[in-house]
Amino acid sequence: MAALRASIVTYLLFITLSKSQAEMAPLKVINELPSSGYSNLQKLEPKQEEKLQLRMKPANFTGPHHLRDLVGRCFKYLDSKYEYVFCPFQNITQEDIQAYYEPYKGVLGVWADWYIEDNQFKVMNMIEGSPCGNGRHRSTKVTLLCGETLELVSVSEPDKCRYLAKFETPDVCGVNAMVVYPRLPVDLQARWDEAEQDLHNGVLTNKGYHKELERIFLAAGYYLSPHDRSSLLHKASTESSRNCKAELKKAKSRITELEEELKMKEEIILELGAGKMNL
């Protein structure tokens with residue numbers, strides 16, 4: 001009886017801990033398709049039981065202020081095999097909708113910073129996604145395009161675990177909607193002006209000029225520094241560890257309850273057995 005009881009308790013602990021780990025992560029994969037199609041402005045409510053764990057915390061919002069309206073919204077794109085969910089300034093995920101057994105669900109990237117080209121915010125850089133083998137992690141570049149509606153229009157994988165996505169929004173349609181210079185603090189604008197003058201006078205090479213622009217964008221927060229990246233990775237790891245400890249404590253408490261319930265049922269079985277013997 002003692003051996004049987006120990007086996008049952010071990011099994012219940014395994015099931016409870018497995019369930020706890022599955023419920024631990026803050027990232028949720030959305031399964032319901034919006035009623036208005038894939039072009040939508042609505043916020044999509046994720047299923048509570050479908051969760052993924054983020055390797056990195058999303059960076060702070062940066063860029064044109066009017067894009068803040070996208071924070072908290074998520075948009076879907078469906079191709080013949082996968083469903084993608086893009087949450088601007090948060091993350092992008094992928095789910096296999098064809099597989100019947102253990103379909104793949106993964107993070108394709110977490111919001112980090114911008115790619116800036118020709119004085120324009122061009123591409124959202126999503127990094128540190130789910131593992132991809134050989135120590136690599138998935139990443140996605142999301143190009144923002146002018147469009148009449150908010151819509152994730154495509155996702156592709158030109159290189160293994162390196163994805164390209166296109167997102168249309170009317171927020172980028174204005175001539176000056178995505179210009180970088182006027183959104184810089186005054187002191188960084190002055191540094192840019194000086195770099196332009198030095199390039200013109202031959203003091204800076206073209207390579208040196210672009211290096212100075214990188215330093216300016218880094219100071220503005222438009223580029224993520226190695227230190228900030230490490231900090232975001234550490235925060236996600238710490239939060240995950242804290243959640244694990246909380247869930248483990250909850251699991252142990254549940255095990256204690258199950259042990260007491262099992263003991264009570266054992267006593268009932270013994271009493272019933274003794275009653276039959278007396279008959």
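As the structure is a prediction and not an experimental result, all values here were calculated from the model.
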Exercise. Measuring from E148:CD to T169:OG1, what's the distance to the nearest 0.5 Å?
Worked result: 12.0 Å

Exercise. Would you say T149's side chain and E151's backbone share a donor-acceptor pair under 3.5 angstrom?
Worked result: no

For this session: Report yes or no: do V153 and L150 belong to one cluster of Ile/Leu/Val/Met/Phe/Trp/Tyr joined by side chain heavy-atom distances under 4.5 Å?
Result: no

Exercise. For residues Y77 and E83, is any side-chain donor paired with an opposing acceptor at under 3.5 Å?
Worked result: no

Seminar exercise, completed: Here the gap from N60 atom CG to L232 atom CG, rounded to the nearest 0.5 Å, amounts to 7.5 Å

Problem set entry | Those residues that, when tested against E168, pass side chain to side chain donor-acceptor pair (under 3.5 Å) (two or more places apart) | none

For this session: Heavy atoms only: give me the nearest C173-G147 pair and the separation to one decimal.
Result: SG-N, 3.6 Å

Exercise. With no hydrogens and no angle check, do the side chains of D228 and S231 hold a donor and an acceptor under 3.5 Å apart?
Worked result: no

Problem set entry | Heavy-atom neighbours of E157 CD exceed 12 at 6.0 Å | yes

Seminar exercise, completed: When every non-hydrogen atom of F89 is compared with those of L67, the smallest separation belongs to CE1-O, 3.7 Å

Exercise. Can you tell which of R229, R138, K57 makes a side-chain hydrogen bond (donor to acceptor under 3.5 Å, both in side chains) with E128?
Worked result: R229

For this session: Measure from the side-chain N and O atoms of Q98 to the backbone N and O of S80, and report whether any donor-acceptor pair falls under 3.5 Å.
Result: yes

For this session: Go through the steps for W192 and Y181 under the test ring-ring contact (aromatic ring centres under 6.0 Å, His included), then give the verdict.
Result: CA-CA 8 Å; W192 195 338; Y181 181 87; 5.5 Å; yes

For this session: Give the intermediate values and the outcome of side-chain contact (heavy atoms from CB on, under 4.5 Å) for residues Y223 and N125.
Result: CA-CA 9 Å; Y223 287 172; N125 189 25; over 6 Å; no

Exercise. For the hydrophobic clusters of this structure (ILVMFWY residues joined by side-chain heavy atoms under 4.5 Å, transitively), does one cluster hold both V71 and L144?
Worked result: yes

For this session: Examine distances only and state if a side-chain atom of D79 and a backbone atom of Y82 form a donor-acceptor pair shorter than 3.5 Å.
Result: yes

Problem set entry | Closest heavy-atom pair and its distance - A112, M56 | CB-CE, 4.3 Å

Exercise. For H66, does the NE2 atom have more than 12 heavy-atom neighbours from other residues, nucleotides or ligands under 6.0 Å away?
Worked result: yes

For this session: Using modelled atom types only, decide if a donor and an acceptor are shared between the side chain of S230 and the backbone of P226 within a distance under 3.5 Å.
Result: yes

Exercise. To the nearest 0.5 Å, how far apart are CG in L258 and NZ in K265?
Worked result: 9.0 Å

Problem set entry | Spacing of CZ belonging to R162 relative to CG belonging to L108, to within rounding of 0.5 Å | 11.0 Å

Exercise. Do any N or O atoms from the side chain of N91 and from the backbone of V110 form a donor-acceptor pair under 3.5 angstrom?
Worked result: no

Seminar exercise, completed: To the nearest 0.5 Å, atom CG of L54 lies from atom CD of Q90 at 8.5 Å

Problem set entry | Polar side chain donor-acceptor pair, Q197 to N201, under 3.5 angstrom | yes

Exercise. Would L164 and I92 show up in the same hydrophobic cluster when neighbours are defined by side-chain heavy atoms closer than 4.5 Å?
Worked result: no

Exercise. OG of S225 to CG of L218: how many Å apart, nearest 0.5 Å?
Worked result: 5.5 Å

For this session: Identify the two heavy atoms, one from L188 and one from I216, that lie closest to each other, and give their separation to 0.1 Å.
Result: CD1-O, 3.8 Å

Exercise. Do the non-hydrogen side-chain atoms of E95 and Y104 ever get within less than 4.5 Å of each other?
Worked result: no

Exercise. How far apart are the closest heavy atoms of S139 and I127, and which atoms are they?
Worked result: CB-CA, 4.1 Å

For this session: Verify the cluster assignment for V179 and L145: are they in a single hydrophobic cluster under the rule of side-chain heavy atoms below 4.5 Å apart?
Result: no

Exercise. Does a donor on one side chain and an acceptor on the other come within less than 3.5 Å for Y84 and Q94?
Worked result: yes

Exercise. Is the closest side-chain heavy-atom distance between D96 and K81 below 4.5 Å?
Worked result: yes

Exercise. So, are E212 and R191 salt-bridged, with charged N and O less than 4.0 Å apart?
Worked result: yes

Problem set entry | Transitive ILVMFWY cluster of V123, excluding itself - 4.5 Å side-chain cut-off | Y115

Problem set entry | Donor-acceptor under 3.5 Å (N134 side chain, R136 main chain) | no

Problem set entry | Donor-acceptor under 3.5 Å (S130 side chain, V107 main chain) | yes

Exercise. Is there a side-chain contact between V180 and F217, using heavy atoms and a 4.5 Å cut-off?
Worked result: yes

Problem set entry | Nearest heavy atoms of L204 and A195, plus distance in Å | CD1-O, 3.9 Å

Exercise. Do the two ring centres, one from W114 and one from F121, sit under 6.0 Å apart?
Worked result: yes

For this session: Can you tell me which residue pairs pass the ring-ring contact (aromatic ring centres under 6.0 Å, His included) test with a partner in residues 122-170, sequence neighbours excluded?
Result: F75-F167, F86-F167

